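Here the structure is a predicted model, which means the values were calculated and not measured. Counting starts at 1 for both ligands and their atoms, in listed order. The chain is numbered in sequence order, starting from 1.
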Amino acid sequence: MDFDTYERDLWDGRADAYQRGFARMTAGSVGPLLDAAGVGPGTRVLDVGTGPGIVSAEAVRRGASVTAVDAEPTMAATARANVPGLDVREAVLPHLPLPDAAFDAVVGNFVINHVSDPDAAVRAFARVLRPGGKLALTCWEMPPSGALSLVTEALEEAGVPFPDDIPTSPFMDLGKRGPFAALLRDAGFPDASDAELRWTHHVDPEDWWTTGALARVGTNGVIVSRQDAPTVAKIKTAYDRLATRYATPDGLLALPANALIATGTR
Ligand SMILES: C[S@@+](CC[C@H](N)C(=O)[O-])C[C@H]1O[C@@H](n2cnc3c(N)ncnc32)[C@H](O)[C@@H]1O
């Protein structure tokens with residue numbers, strides 16, 4: 001299966017589960033992302049891979065004029081519902097059905113790691129930015145750790161092998177300090193730099209399990225969804241044990257979110 005085919009299937013119909021689970025974690029980088037792109041009153045912003053629209057919502061709250069795109073129809077519909085009046089287009093990156101030099105800022109929260117050709121996507125972002133416009137992108141730091149690896153470790157402990165037919169993301173190599181900035185530099189952003197972004201996601205352990213692994217969100221969710229009931233039970237036992245490392249006295253998990261942010265000027 002090619003990477004884009006896998007990605008379309010990965011997100012198909014996932015908007016509701018994603019917004020109840022993962023999006024509460026990705027919300028942690030929205031402020032730094034918009035700050036890095038200089039988003040404020042009147043900024044013409046393009047939010048790529050908007051998902052349920054959490055970046056767009058905050059940009060609108062800051063007084064920006066926002067356009068959003070997503071490849072997944074249920075995500076686009078959810079963003080429209082969450083951010084009244086938001087101009088949301090359905091488009092699969094690197095295709096961007098938007099005019100040249102139309103934006104002051106392009107922002108993408110955890111989308112660049114989901115495209116098959118990140119270089120072509122960044123070139124498309126450069127095309128729609130005006131000279132002097134800002135690009136800011138986040139990705140998960142590779143190899144996965146903290147919040148991102150809890151279910152992975154549970155799958156490993158339960159003896160579930162990584163399936164042969166799931167393609168590897170180009171971001172296994174690019175999701176590192178240095179290569180992430182170089183991606184932007186080589187695709188039209190000569191001053192690009194990258195930095196670590198760290199926060200803690202506080203979440204109920206059962207919610208994290210049911211809105212992620214059990215709801216087929218993310219690759220771990222896809223792998224869990226392919227298992228029979230006894231194997232899922234085994235993965236859950238491992239998950240419960242491994243999750244205790246992050247347990248807080250109030251019964252939540254304090255999951256480390258380990259991301260990178262890359263910024264550049266057109
Ligand atoms: C991890 S979610 C991030 C959503 C949101 N930005 C956030 O901060 O939570 C990735 C989103 O990118 C979208 N996506 C994945 N590949 C895409 C592509 N090639 N073009 C456009 N959107 C894509 C998915 O449909 C999904 O909504």
Side-chain angles (χ1 to χ4, degrees), residues 1-34 36-37 39 45-60 66-83 86 88-98 105-125 128 135-142 144 147-148 167 169-171 174-175 197 199 201 203 211-212 215-222 257 259-261:
M1 194 185 329
D2 73 69
F3 189 69
D4 278 325
T5 305
Y6 172 69
E7 283 284 329
R8 295 293 72 74
D9 183 58
L10 179 70
W11 295 107
D12 182 23
R14 297 299 97 194
D16 187 49
Y18 181 84
Q19 81 166 339
R20 285 184 290 112
F22 251 76
R24 295 187 181 166
M25 177 168 68
T26 57
S29 55
V30 170
L33 183 78
L34 294 176
V39 174
V45 179
L46 175 63
D47 172 21
V48 289
T50 188
I54 58 173
V55 174
S56 290
E58 175 56 17
V60 166
V66 186
T67 301
V69 300
D70 203 282
E72 164 54 26
T74 64
M75 289 289 190
T78 304
R80 274 184 209 109
N82 287 343
V83 190
L86 182 67
V88 189
R89 320 277 178 94
E90 282 174 36
V92 180
L93 294 166
H95 179 63
L96 271 182
L98 294 160
V106 173
V107 291
N109 205 29
F110 303 103
V111 64
I112 193 67
N113 44 312
H114 289 286
V115 304
S116 63
D117 188 345
D119 177 75
V122 176
R123 286 178 197 278
F125 304 154
V128 300
L135 172 65
L137 300 172
T138 54
C139 72
W140 296 112
E141 187 166 36
M142 293 294 114
L148 226 57
S169 163
F171 260 74
L174 292 172
L197 209 51
W199 70 99
H201 179 51
V203 63
T211 61
R216 209 181 66 87
V217 171
T219 291
N220 287 328
V222 170
L260 298 177
I261 182 165

Among V30, T26, D12, which one has a heavy atom closest to atom 7 (C) of ligand 1? T26

State, with a plain yes or no, whether a side-chain heavy atom of V66 is found less than 4.5 Å away from one of L86. yes

Check ligand 1 against V115 and write out every atom of the ligand that is under 4.0 Å from a heavy-atom position of the residue. 18 (C), 19 (N)

Interfacing atoms of ligand 1 (cut-off 4.0 Å, heavy-atom, G51): 4 (C), 27 (O)

Heavy-atom pairs closer than 4.0 Å: do any link ligand 1 to the side chain of P94, the backbone, both, or neither? neither

Looking only at heavy atoms of F22, does any of them come nearer than 4.0 Å to an atom of ligand 1? no

Part of M75 with heavy atoms under 4.0 Å of ligand 1, whether side chain, backbone, both or neither: side chain

Side-chain contact test, heavy atoms from C-beta onward, threshold under 4.5 Å: evaluate it for M142 versus N113 and give yes or no. no

Protein residue, atom and distance nearest to atom 6 (N) of ligand 1, heavy-atom basis: G49 O, 2.8 Å

In this structure, does ligand 1 have an atom that sits under 4.0 Å from one of the heavy atoms of G53? no

the protein heavy atom lying closest to atom 18 (C) of ligand 1 turns out to be L93 N, 3.6 Å

Check whether any side-chain heavy atom of R80 lies under 4.5 Å from a side-chain heavy atom of T50, and answer yes or no. no

Which residue in the set L46, V69, L96 passes side-chain contact (heavy atoms from CB on, under 4.5 Å) when paired with R89? V69

What is the minimum heavy-atom distance between V107 and A37, and which atoms define it? CG1-CB, 3.5 Å

Please report which non-hydrogen protein atom sits nearest to atom 24 (C) of ligand 1, along with the residue it belongs to and the distance in Å to one decimal place. D70 OD1, 3.5 Å

Could you tell me whether a side-chain N or O of T138 sits under 3.5 Å from a main-chain N or O of F110, the two making a donor and an acceptor? yes

Where the closest heavy atom to atom 15 (C) of ligand 1 is concerned, which of R89, R8, Q19 has it? R8

Please identify which atoms of ligand 1 are closer than 4.0 Å to at least one heavy atom of N109. 3 (C), 5 (C), 6 (N), 7 (C), 8 (O)

In ligand 1, the atoms that come under 4.0 Å of a heavy atom of V92 are 19 (N), 20 (N)

Answer with yes or no after comparing the ring centroid distance for F171 and W140 against a 6.0 Å cut-off, counting only values under it. no

From the options S29, A71, A124, G218, select the one whose nearest heavy atom is closest to atom 23 (C) of ligand 1. A71

The closest protein heavy-atom partner of atom 10 (C) of ligand 1 is F110 O, 3.5 Å

Taking all atoms of both residues into account, what is the closest heavy-atom pair of V39 and A105, and its distance? CG2-CB, 4.1 Å

Atom indices of ligand 1, in the order listed, that fall short of 4.0 Å to a heavy atom of A91: 20 (N), 21 (C)

Among N113, V111, T138, which one has a heavy atom closest to atom 12 (O) of ligand 1? V111

Which residue holds the protein heavy atom closest to atom 2 (S) of ligand 1, what is that atom called, and what is the gap in Å? Y18 OH, 3.4 Å

Closest non-hydrogen atom pair between I261 and A36, with its separation: CD1-CB, 3.9 Å

Does the distance from a Lys or Arg side-chain N to an Asp or Glu carboxylate O, for R8 and D12, drop under 4.0 Å? no

Side chain, backbone, both or neither: which part of T50 has a heavy atom under 4.0 Å from ligand 1? backbone

Specify whether Y18 and F22 have parallel, tilted or perpendicular ring planes, treating 30° as the upper limit for parallel and 60° as the lower limit for perpendicular. parallel

When you compare the side chain of D119 with that of D117, does any pair of heavy atoms fall below 4.5 Å? yes

Should R14 be listed as contacting ligand 1, given a heavy-atom distance under 4.0 Å as the test? no

